[in-house]
Every structure is written in structure tokens, then in C-alpha cells.
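Heavy atoms only: backbone and side chains are in, while hydrogens, waters and symmetry mates are out. On a predicted model such as this, the values are computed, not experimentally measured, just so you know. Both counts, for ligands and for their atoms, begin at 1 and track the order of listing.
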Amino acid sequence: MKTILVAGGAGYIGSHMVALLVKRGYEVVVADNLRTGHWQAVKGARKMYVGDLRDGAFLHQIFTENKIDGVINFAAFSLVGESVTNPLKYYGNNVEGAVSLLSAMQAHGVDKIVFSSTAAAYGEPEKQPIEEGDRTEPTNPYGATKLAIENMLKWCDCAYNIRYVALRYFNAAGSDTEAGIGEDHNPESHLIPLVMKTALGQRDHIGIFGEDYPTPDGTCVRDYIHVKDLAEAHLLALEYLERGGSSDVFNLGNGAGYSVREIIETARRITGKEIKAVVEPRRGGDPSVLIASNKKAAEVLGWKPVLGLDQIVSDAWAWHSGHPNGYEG
Ligand SMILES: NC(=O)c1ccc[n+]([C@@H]2O[C@H](COP(=O)([O-])OP(=O)(O)OC[C@H]3O[C@@H](n4cnc5c(N)ncnc54)[C@H](O)[C@@H]3O)[C@@H](O)[C@H]2O)c1
Ligand SMILES: O=c1ccn([C@@H]2O[C@H](COP(=O)(O)OP(=O)(O)O[C@H]3O[C@H](CO)[C@@H](O)[C@H](O)[C@H]3O)[C@@H](O)[C@H]2O)c(=O)[nH]1
């Protein structure tokens, strides 16, 4: 049985990864400092280590006590706006955490890593759908830290033969209703959970950040991808590396775009709630359209997302209506 270290496994996407790995018969070891994660989200892991990736002694203990076959790294700060006002917090956590993790892998002879990158690595896209070879020019420090780590991974492959898959996610959403886990960020900044909180009556309205974009209804268009489809892609990436696959970068998105207004309409239909929406000014740094080409992930990894927008919204609604206070109750 293979043992996988999931760094950031108590977070939103990481906890869904843990649940899938356990379901598919992997032994799972989690490392998380619980800064934004929740211990209650970690289901079925063999061990959970609470500590910081930047702490070399902490990682040395994990790699000494467990025979780790591969690593998946979700641990990062990921609030775009905060990264603009406090870039050192982002370089300090995201890049230093990755340096420390790769150093421990090198020291302990672990040679496979799957890394959470982001569509923010592209910045303002040159064309739609976005392909992996397109220009990468992040427009905020968050995206820049992820791109810096992708570059670092390239050099670590050359120097230490640590092979990697970097996965550039588009907009993750939804939940695993069977495992009883979901999205619980504080503060929450993502559109779908905020729409759910509005449907629950926890917020008076959802703000629509700008309606003067060059899109069909004037609101921003994004590619929403179910967190369970994301987790499946990581598993395929891990299996690809286990087969000897060479280091590479893949987009993970549905390949379809929905506007902010379309998301709110879908949520009204699925929840049966009114969901008041108010147009507000644009949020700085938002590209008008981000849609993934997922062709490369299909061809090389054999990944095909199967859960569309209705499933994403209904699973998000199941989680939020069943856990109105997140993991706290
Ligand atoms: N949510 C999205 O739509 C989205 C899109 C693109 C990329 N991503 C990336 O996916 C990853 C997971 O995102 P998420 O939404 O699940 O975030 P999250 O904040 O819920 O999860 C991150 C986890 O990492 C832990 N962590 C952070 N820094 C750490 C450190 N130094 N040491 C140990 N643990 C640490 C946190 O406590 C948390 O449990 C992140 O790397 C994020 O940048 C997310
Ligand atoms: O209250 C809100 C919140 C968001 N939006 C809009 O909804 C869209 C989606 O926003 P959000 O859910 O915050 O996601 P993004 O800003 O698109 O960023 C996500 O998706 C990116 C890739 O597409 C990743 O890089 C980021 O990590 C991830 O947070 C954007 O157009 C926002 O302007 C609103 O109109 N009102």
C-alpha cells in the first residue's frame, strides 16, 4: 500500500483529496498548521501532523516516521487581494514552505510531487480558452508565488530528479456530500460560497463586482470546476508520475465559462431562494474571462471532468445548508 503525504490536507481542496485517497486504498499522512484548515475536515488519514512546512525539524520527523511514496502540496495562502497588500506574507509562506518541503523530499529520497498551482499564473490571458503554453505573467503576488514554485520545481527536477506535476486550477467549488466535507474559509471571498450564505440569510445580498465587462451580460466569466473532479485529477497525476511520467503542467477546468449573473441564477433555481444581488464596483485585478483548455490533461493524464455547474451548486448548497456555521456546528 502506498503512503502519500498531503501537505495542507486540512484545507478545502486538500481534505477532498484525503477523502479520495483513502477511498482508493492509499495510506494518507497529513501535514497542516491549521492556519486556514480544519482538523474536522480530515477524514480517514492514518496520521495527522499539526505543524508548519517551514519547520525543517517538523518535516524531518514526518519523513523519518513514515515511508512516503509521494507528496501532494496544497499548503499556501491564497487570497489575491491580501497578497497585493502583503506580498512578503505570500512569498514567506508559499515559497518558503515549498523550499522546505522540497529540501525534506530531497534529503529523504522522495522523488514525486503534485503541486497546486493556479490560473492566476497566467495573469491577463492572451486568448480563450487558455492553454498551458500561453503567456504566464501574473498580475498579483499570489499568482507570482505559484509561478515561482513551478519554476523551482523545474530546477529541482534537473538537479535532484524530483519529478512533478503542477496543476493550474481554475475556480474550485462544490463539496463531497458523502464524506460530509465542504468549503469553510474565514474570511470567505469566493463567489459560490458567498451566494450560498446569502441564500441561507446570513448575508443581506451578494455583490456583483462590476457589470461593464466585455462579456455577454457584462459580468465576469469564470470556469468552475467541482472539487471532486479536481481530486480525481491529482490521483491521475500521481499515477502518471508512478508510471514514470515526466514533469509537466496541466490546466484543470471544465472548459466552460459562466458569468457571475449565471451563477446567481443557477443558485436561485437550485436553492429555491430569492438571493438578492446588488451591482457594486469592479474588484481590482479581475480579468473579464478565464476559461481553461483541458485538452492536455485529457490527452496525457486521461482526465475528464464529469460534474457540471448544477452539480457544483447543488453540492455546495447541501454542504452550506447542512453546516451553516461550517465545521464549527
Ligand atoms: N480554491 C480555489 O479556487 C483555488 C484555485 C486555484 C488554486 N488553489 C490552490 O489550491 C490550494 C488549496 O486551496 P484551498 O482553497 O483548499 O485553500 P485552504 O486555505 O482551504 O487550504 C490550505 C491549507 O494549507 C494549510 N497551510 C497553509 N500554509 C501552511 C504551512 N506553511 N504549513 C502547513 N500548512 C499550511 C492551511 O492551514 C490549510 O489547511 C492552495 O495552494 C491554493 O492556492 C485554490
Ligand atoms: O462577492 C463576490 C465575489 C466574487 N465575485 C466575482 O465572481 C468571480 C469569481 O470570483 P472568486 O470566486 O473570488 O474567484 P476568482 O477571483 O476567479 O479566483 C479563484 O480562481 C482563480 C483561478 O481562476 C484562482 O487563481 C484563485 O485562487 C481562486 O480564488 C469574479 O469575477 C469576482 O469578481 C463577485 O461578483 N462577488
Side-chain angles (χ1 to χ4, degrees), residues 6-17 30-39 41-42 49-55 58-59 72-81 83 89-90 92-98 100-101 115-123 125 130 138 140 142-143 145-146 149 167-173 183-186 188-195 197-198 203 205-211 213 215 219-225 227 230 234 251-253 257-261 263-264 277-292:
V6 182
Y12 169 47
I13 305 172
S15 61
H16 285 78
M17 187 73 239
V30 169
D32 200 300
N33 63 6
L34 300 179
R35 272 293 290 276
T36 58
H38 307 269
W39 61 266
V42 180
Y49 290 85
V50 178
D52 198 290
L53 289 194
R54 291 165 289 181
D55 177 351
F58 170 68
L59 289 182
I72 310 182
N73 182 19
F74 295 94
F77 290 146
S78 55
L79 295 173
V80 170
S83 80
K89 176 174 175 183
Y90 279 70
N93 192 50
N94 300 359
V95 179
E96 280 180 35
S100 176
L101 183 59
F115 170 64
S116 293
S117 190
T118 169
Y122 293 107
I130 303 169
N140 56 65
Y142 162 63
T145 63
K146 293 290 183 169
I149 297 166
L167 299 172
R168 293 181 181 155
Y169 320 156
F170 283 62
N171 293 56
E183 188 163 9
D184 182 6
H185 289 129
N186 188 16
E188 185 54 78
S189 65
H190 293 127
L191 179 65
I192 290 181
L194 290 176
V195 169
K197 286 174 190 288
T198 312
R203 296 164 57 94
H205 64 271
I206 180 75
I208 296 177
F209 297 157
E211 59 168 359
Y213 285 96
T215 59
T219 68
C220 287
V221 170
R222 292 289 181 273
D223 182 333
Y224 295 88
I225 180 78
V227 65
L230 281 186
H234 289 70
N251 286 339
L252 297 182
Y258 294 94
S259 72
V260 174
R261 281 199 191 282
I263 296 297
I264 297 169
V278 175
V279 176
E280 294 178 4
R282 285 185 177 200
R283 184 174 69 177
D286 272 340
S288 51
V289 181
L290 289 176
I291 299 172

- Message: When you compare ligand 2 with Ser78, is there at least one nitrogen or oxygen pair between them that comes in under 3.5 angstrom?
- Response: no
- Query: ligand 1 versus Asn94, non-hydrogen atoms closer than 4.0 Å: side chain, backbone, both, neither?
  - Reply: neither
- With a cut-off of 4.0 Å, which atoms of ligand 1 are near a heavy atom of Phe74? 11 (C), 12 (C), 22 (C), 40 (C), 41 (O)
- Give the numbers and elements of all ligand 2 atoms closer than 4.0 Å to a heavy atom of Ser189. 3 (C), 13 (O)
- Task: Looking only at protein heavy atoms, identify the closest one to atom 37 (O) of ligand 1 and say how far it is in Å.
- Result: Asp32 OD1, 2.7 Å
- Query: So is Thr36 polar-close to ligand 1, meaning N/O to N/O under 3.5 Å?
  - Reply: yes
- Message: In the structure I gave you, are the side-chain heavy atoms of Ile263 and Thr219 within less than 4.5 Å of one another anywhere?
- Response: no
- Query: At what distance, to the nearest 0.5 angstrom, does NZ of Lys146 lie from CG of Asn140?
  - Reply: 12.0 Å
- Going by the order shown, which atoms of ligand 2 are within less than 4.0 Å of some heavy atom of Tyr142? 25 (O), 27 (O)
- Query: With a 4.5 Å limit on heavy-atom distance, are the side chains of Phe74 and Val6 in contact?
  - Reply: yes
- Ile13-ligand 1 polar pair, N/O distance under 3.5 Å: yes
- Per-atom filter on ligand 1: closer than 4.0 angstrom to a heavy atom of Gly37 are 36 (C), 37 (O), 38 (C), 39 (O)
- Message: Tell me the protein heavy atom at minimum distance from atom 32 (N) of ligand 1, and give that distance in Å.
- Response: Leu53 N, 3.0 Å
- Hey, is Ser117 touching ligand 1 through its side chain, its backbone, both or neither, going by heavy atoms under 4.0 Å? backbone
- Query: When you measure from atom 21 (C) of ligand 2 to every protein heavy atom, which one gives the shortest distance, and what is it?
  - Reply: Asn171 OD1, 4.0 Å
- Message: If we only consider heavy atoms of Ala10, is any one of them less than 4.0 Å away from an atom in ligand 1?
- Response: yes
- Looking only at heavy atoms, which two atoms of Asp286 and Cys220 are closest? And how far apart? CB-SG, 4.3 Å
- Note on the structure: re atom 10 (O) of ligand 1, the protein heavy-atom contact at minimum distance is Tyr169 CE1, 3.2 Å
- Determine whether the aromatic ring centres of Tyr169 and His234 lie less than 6.0 Å apart. yes
- Tell me which protein heavy atom sits closest to atom 21 (O) of ligand 1, plus the residue, atom name and distance to 0.1 Å. Gly11 CA, 3.4 Å
- Query: In terms of atom number and element, which parts of ligand 2 are under 4.0 angstrom from non-hydrogen atoms of Leu194?
  - Reply: 1 (O)
- Message: Please list the nearest protein heavy atom to atom 12 (O) of ligand 2 with its residue and the distance rounded to 0.1 Å.
- Response: Leu191 N, 2.8 Å
- If we only count heavy atoms from C-beta on, is the Val50 to Trp39 side-chain gap below 4.5 Å? no
- Message: Give me the nearest non-hydrogen protein atom to atom 31 (N) of ligand 1 as residue plus atom name, then the distance to 0.1 Å.
- Response: Asn93 OD1, 2.7 Å
- Item | Check: Tyr12 N/O within less than 3.5 Å of ligand 1 N/O | yes
- Message: I'd like the name of whichever of Ala172, Ala119, Gly285 reaches closest to atom 22 (C) of ligand 2 through any heavy atom.
- Response: Ala119
- Note on the structure: Rounded to the nearest 0.5 Å, the CG atom of Asn171 sits from the CG atom of Leu252 at a distance of 12.5 Å
- Item | Closest non-hydrogen atom pair between Gly143 and Thr118, with its separation | CA-CG2, 4.5 Å
- Note on the structure: atom 6 (C) of ligand 2: closest protein heavy atom, distance to 0.1 Å, is Val260 CG2, 3.8 Å
- Item | Atom indices of ligand 2, in the order listed, that fall short of 4.0 Å to a heavy atom of Leu290 | 23 (O)
- Query: Is the NZ or CZ atom of Arg282 positioned over Tyr213's six-membered ring, under 6.0 angstrom from the centre and within 45° of the axis?
  - Reply: yes
- For atom 33 (O) of ligand 2, grab the closest protein heavy atom and report residue, atom and distance to one decimal in Å. Asp286 OD2, 2.6 Å
- Query: Parallel under 30°, tilted from 30 to 60°, perpendicular over 60°: which one fits the rings of Phe170 and Tyr122?
  - Reply: tilted
- Of Arg222, Arg54, His185, which has the heavy atom at the shortest distance from atom 18 (P) of ligand 1? His185
- Could you tell me whether some N/O pair between Arg35 and ligand 1 is separated by less than 3.5 angstrom? yes
- Item | Taking atom 36 (N) of ligand 2 as the reference point, the nearest protein heavy atom with its distance | Gly207 O, 2.7 Å
- Query: Is the Tyr90 ring parallel, tilted or perpendicular to the Tyr142 ring (thresholds 30°, 60°)?
  - Reply: perpendicular
- Message: Quick check on contacts: which atoms of ligand 2 are under 4.0 angstrom from a heavy atom of Thr118?
- Response: 24 (C), 25 (O)
- Backbone, side chain, both or neither: what part of Lys146 comes under 4.0 angstrom of ligand 1, heavy atoms only? side chain
- Query: Which atoms of ligand 1 have any heavy atom of Ser78 under 4.0 Å away?
  - Reply: 42 (C), 43 (O)
- Mind checking whether Ile149 and Val95 have side chains closer than 4.5 Å, heavy atoms only? yes
- Query: Of all the atoms in ligand 1, which lie at a distance below 4.0 Å from a heavy atom belonging to Leu34?
  - Reply: 37 (O)
- Item | Proximity winner for atom 27 (C) of ligand 1, if only heavy atoms of Ala76, Gly8, Ala7 are counted | Ala76
- May I ask you to list the atoms of ligand 2 that are less than 4.0 angstrom from any heavy atom of Ala120? 25 (O)
- Report yes if some heavy atom in the side chain of Ile130 is under 4.5 Å from a heavy atom in the side chain of Pro125; otherwise report no. yes
- Message: Looking at Asn73, is its backbone amide N or carbonyl O close enough to the side chain of Ser116 to form a donor-acceptor pair, meaning the two atoms are under 3.5 Å apart?
- Response: yes
- Item | Distance filter under 4.0 Å to Ile206 heavy atoms, resulting ligand 2 atoms | 1 (O)
- Task: Could you tell me if any non-hydrogen atom of Gly51 lies under 4.0 Å from any atom of ligand 1?
- Result: yes
- Residue, atom name and distance, where the atom is the protein heavy atom closest to atom 5 (C) of ligand 1: Phe170 O, 3.4 Å
- Query: If you take all heavy atoms of Ala31 and Leu53, which pair is closest and at what distance?
  - Reply: CB-CD2, 4.4 Å
- Query: Between CD1 of Ile264 and OH of Tyr258, what distance do you get to the nearest 0.5 Å?
  - Reply: 15.5 Å
- Task: Considering the heavy atoms of Cys220, write down every atom of ligand 2 situated less than 4.0 Å from one of them.
- Result: 31 (O)
- Task: Would you check if the side chain of Asn94 reaches a backbone N or O of Thr145 as a donor-acceptor pair within less than 3.5 Å?
- Result: no
- atom 3 (O) of ligand 1: the protein heavy-atom neighbour that sits closest, reported with distance to 0.1 Å: Ala172 N, 3.2 Å
- Considering only non-hydrogen protein atoms, determine which one is nearest to atom 35 (C) of ligand 1 and report residue, atom name and distance to 0.1 Å. Asn33 OD1, 3.2 Å
- Among Tyr258, Tyr169, Phe209, Tyr224, which residue places a heavy atom closest to atom 8 (C) of ligand 2? Tyr224
- At under 4.0 Å between heavy atoms, what of Tyr142 touches ligand 1? The answer is side chain
- Atoms in ligand 1 with a heavy atom of Thr118 nearer than 4.0 Å: 6 (C), 7 (C)
- Query: About how many Å separate CD of Glu96 and CZ of Arg54, when rounded to the nearest 0.5 Å?
  - Reply: 6.5 Å
- Task: Check each of His205, His190, Arg283, Arg203 against atom 30 (C) of ligand 2 and report the one with the nearest heavy atom.
- Result: Arg283
